[in-house]
Structures are given as structure tokens and as C-alpha cells.
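Side chains are part of it too, since the values below use all heavy atoms of this structure and drop only hydrogens, waters and symmetry mates. As the structure is a computational prediction, the values presented were derived from the model and not from experiment.
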Amino acid sequence: MIGLLDLFDGGAHCWTVEQMHERFGYTRSTLYRYLKVLSDAELLTSLPEAGYVLGPRIVEMDYEIRRHDPLIVASAPVMAELVSEIPGIALLCRRYRDKVLCVHQAANPEVVIQSTYERGKPLPLFSGAASRIILAYLPPHHLQRLYEKHTREFAAGKLGATLSEVRATLKDMRQRGWHSTAGQVTPGITGVAAPIFDGAKNILGSLSLSIPDRNIDPSRLSMISDRVSFCARIISQAMTGGRPR
């Protein structure tokens with residue numbers, strides 16, 4: 001039943017009963033029962049002559065996430081301070097299945113750039129600094145599964161042509177503690193990202209800063225990476241109940 005909600009994940013945003021029946025092959029009685037439960041919970045809404053769309057409960061839940069999610073609550077003030085010091089767009093991302101999802105965004109009001117990576121928009125783990133720094137800290141068995149499933153994507157992202165090469169590339173990222181990419185998500189924009197961990201030292205997400213390529217030179221990149229890494233450590237410590245240092 002919950003799998004019906006995956007129909008609205010990045011594809012069509014309105015589905016008729018006939019389309020759902022063709023996609024899943026459920027009996028009609030089962031399909032109608034599932035749709036009734038989801039509609040009663042207002043996770044789906046039926047529109048005459050159109051079909052089913054996501055319901056208002058989704059919006060309500062999103063509001064609660066923005067107000068009360070511990071990661072967002074801990075990150076929001078840190079991100080606001082970061083973009084006040086370094087004009088750009090700060091992104092808070094977390095792993096979602098085999099993707100990375102932006103869950104919060106903060107921008108300097110004077111910034112003139114526009115990122116194509118918005119809150120709620122998923123990206124693959126292979127593209128952009130915010131995604132790749134999370135990839136660097138995944139458990140070995142998870143990385144191997146991903147590589148076997150997405151070998152071409154790893155190579156296209158210049159992460160390595162073999163699993164050994166990928167592991168070496170990701171090891172370099174971990175040793176540096178941050179990662180940057182230029183133009184991978186939005187042309188003309190450089191992203192600098194650092195990892196965020198939970199209390200068990202598992203990778204939870206990433207903090208990144210998007211800035212125009214024209215404002216980057218080696219010394220400035222070093223300064224920005226230090227600042228982004230420091231802010232990410234503050235968030236990680238907040239997630240464990242520790243005091244920032």
C-alpha cells in the first residue's frame with residue numbers, strides 16, 4: 001500500500017485507477033482498498049476527471065519536519081551564520097535510499113546566484129559535493145552494492161573505473177574531510193561540502209555551500225572549506241548533545 005506513494009517520486013504527479021492497476025497488477029478490490037486507506041489518511045486526494053494526487057497531509061507533515069526535525073533545528077542557525085559570513089547558498093542534505101535529498105536551504109539575501117538544487121529535490125550520490133562527501137563515508141558493504149549497481153555512473157563521475165579506484169578516491173575525501181566540485185549540479189557554481197555524523201559516528205548528511213566559480217581561488221577555497229567543515233562539526237556535536245568547540 002505504501003508503495004503506491006512511490007508513484008509520485010519524480011515521475012507523473014497524477015495517476016488514474018487504471019494506470020495504477022496496470023503498473024502494479026493488484027486486483028481491483030485490493031487497489032480500491034489501498035486507495036481508500038490512503039485517501040482517508042489524506043495522503044492521497046482524488047480529483048474528478050484527473051485521478052489521484054498527493055494529499056494535504058503531506059504538506060502538513062512537511063511543515064512539522066521543517067519545524068521540529070532535530071537535524072534542521074540544529075543546522076538552521078549555523079547555516080544562517082555561514083551565509084552571512086560567506087555570500088552563497090547553504091544546503092543541508094541527508095541520505096535518502098540511494099539518493100541525497102536537500103532538506104533545508106539558507107541564502108545570503110545579496111547573493112545573485114541561483115542553484116538548481118532545491119529543498120526536496122533528490123540527487124544521485126555521484127553528482128555534486130553535497131552528495132559525494134556522503135558517499136565517501138558509506139559502509140564498505142553499502143559502497144560495494146552501489147558500485148555493482150551503478151558502475152557506469154561511478155566512472156562518469158570520475159570516481160574510479162574499478163571498485164579499488166573508487167575506494168581510493170573516497171579515502172582521499174575522508175582524509176581531507178571535505179570535498180568540492182565545480183559545475184556538476186549548476187553550471188558556474190562551485191560546491192564545497194563537509195560531512196555530518198550522528199551520535200554513533202555514522203554518516204547522517206552533509207552541509208555544503210554553493211558559490212560562484214569566479215569567486216574561487218586556492219586560498220579562498222581553503223578558507224571556505226575550513227569554515228564549512230567547522231560548521232558541519234558544530235552540527236554533528238549538536239546531534240550528539242555535545243557542546244560545540
Side-chain angles (χ1 to χ4, degrees), residues 2 5-6 8-10 41-43 54-86 88-109 115 117-125 127-139 141-143 146 170 173-174 177-179 185 191-210 224-245:
I2 298 301
L5 298 177
D6 288 336
F8 304 91
D9 185 8
E42 298 197 50
L43 294 171
L54 292 175
R57 183 74 178 274
I58 302 291
V59 179
E60 182 182 35
M61 294 170 72
D62 178 68
Y63 175 73
E64 292 301 319
I65 289 173
R66 285 185 284 115
R67 288 193 61 196
H68 302 299
D69 182 276
L71 180 59
I72 296 176
V73 171
S75 303
V78 178
M79 296 169 67
E81 182 175 348
L82 176 62
V83 297
S84 70
E85 296 175 2
I86 307 173
I89 301 174
L91 302 174
L92 175 66
C93 298
R94 65 187 311 163
R95 199 176 106 217
Y96 169 62
R97 298 179 176 174
D98 288 343
K99 300 175 284 189
V100 172
L101 188 70
C102 177
V103 297
H104 186 65
Q105 191 177 87
N108 186 303
S115 173
Y117 192 25
E118 302 175 287
R119 181 178 182 275
K121 181 179 180 180
L123 278 183
L125 281 161
S127 179
S131 296
R132 289 154 67 108
I133 196 65
I134 294 175
L135 181 68
Y137 289 89
L138 292 183
H141 68 279
H142 193 160
L143 177 62
L146 276 173
L170 299 182
M173 290 185 198
R174 293 194 300 272
W178 58 274
H179 184 56
V185 177
V192 181
I196 297 172
F197 302 98
D198 63 17
K201 302 300 182 183
N202 298 314
I203 185 67
L204 183 60
S206 67
L207 173 68
S208 67
L209 186 68
S210 299
I224 292 172
S225 64
D226 286 346
R227 189 60 184 161
V228 172
S229 297
F230 175 75
C231 290
R233 289 196 298 272
I234 290 178
I235 297 169
S236 295
Q237 290 168 350
M239 295 305 294
T240 63
R243 293 184 178 180
R245 293 180 295 182

*What residues, two or more places apart in sequence or in another chain, satisfy side-chain contact (heavy atoms from CB on, under 4.5 Å) together with Arg97?*
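In terms of side-chain contact (heavy atoms from CB on, under 4.5 Å), with neighbours along the sequence ignored, Arg97 is linked to Asp6, Asp9.
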
*asked:* List the residues meeting side-chain contact (heavy atoms from CB on, under 4.5 Å) with Pro109, not counting sequence neighbours, and say none if there are none.
replied: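 Applying side-chain contact (heavy atoms from CB on, under 4.5 Å) to Pro109 gives none.
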
*Quick one: pull up CG in Leu92 and CG in Leu101 and give me the separation to the nearest 0.5 Å.*
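Taking CG in Leu92 and CG in Leu101, the distance rounds to 10.0 Å.
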
_To the closest 0.5 Å, what do you measure between CH2 (Trp178) and CG (Leu209)?_
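Result: 12.5 Å between the selected atoms.
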
Looking at [X] and [Y], what are the two nearest heavy atoms and their distance?
| X | Y | result |
| --- | --- | --- |
| Arg66 | Ile72 | O-CG2, 3.8 Å |
| Leu123 | Ser131 | CB-OG, 3.9 Å |
| Met79 | His104 | SD-CD2, 3.5 Å |
| Arg132 | His179 | NE-NE2, 3.1 Å |
| Cys231 | Val78 | CB-CG1, 3.5 Å |
| Leu125 | Asp98 | CD1-O, 3.7 Å |

Validation row: [X], [Y] side chains within 4.5 angstrom (heavy atoms):
| X | Y | answer |
| --- | --- | --- |
| Lys99 | Lys121 | no |
| Val83 | Ile89 | no |
| Phe230 | Asp226 | no |
| Leu138 | Arg95 | yes |
| Met239 | Phe197 | no |

Return the set of residues passing salt bridge (Lys or Arg N to Asp or Glu O under 4.0 Å) with [X] (not counting sequence neighbours), or none when no residue passes.
| X | value |
| --- | --- |
| Glu42 | none |
| Arg57 | Glu60 |
| Arg94 | Asp69 |

*Carefully, step by step, assess Ile196 and Ile134 under the rule side-chain contact (heavy atoms from CB on, under 4.5 Å).*
CA-CA 8 Å; Ile196 297 172; Ile134 294 175; over 6 Å; no

*Report yes or no: does Ser229 contribute a side-chain atom to a donor-acceptor pair with the main-chain N or O of Ala194 at less than 3.5 Å?*
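Answer holds: no.
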
*Do any N or O atoms from the side chain of Arg174 and from the backbone of Ala136 form a donor-acceptor pair under 3.5 angstrom?*
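Yes; judged by distance alone, with no hydrogens or angles, the pair exists.
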
*Yes or no on side-chain contact (heavy atoms from CB on, under 4.5 Å) for Leu71 and Ile235, after CA distance, side-chain angles and deciding distance?*
CA-CA 8 Å; Leu71 180 59; Ile235 297 169; 3.9 Å; yes

*Give the C-alpha distance, both sets of side-chain angles, the deciding distance and a yes or no for side-chain contact (heavy atoms from CB on, under 4.5 Å) between Leu43 and Met61.*
CA-CA 10 Å; Leu43 294 171; Met61 294 170 72; 4.0 Å; yes

Could you pull out all donor-acceptor pairs under 3.5 Å where a side-chain atom in residues 199-208 meets a protein atom, sequence neighbours excluded?
| residue | atom | partner | partner atom | Å |
| --- | --- | --- | --- | --- |
| Ser206 | OG | Ala130 | O | 2.8 |

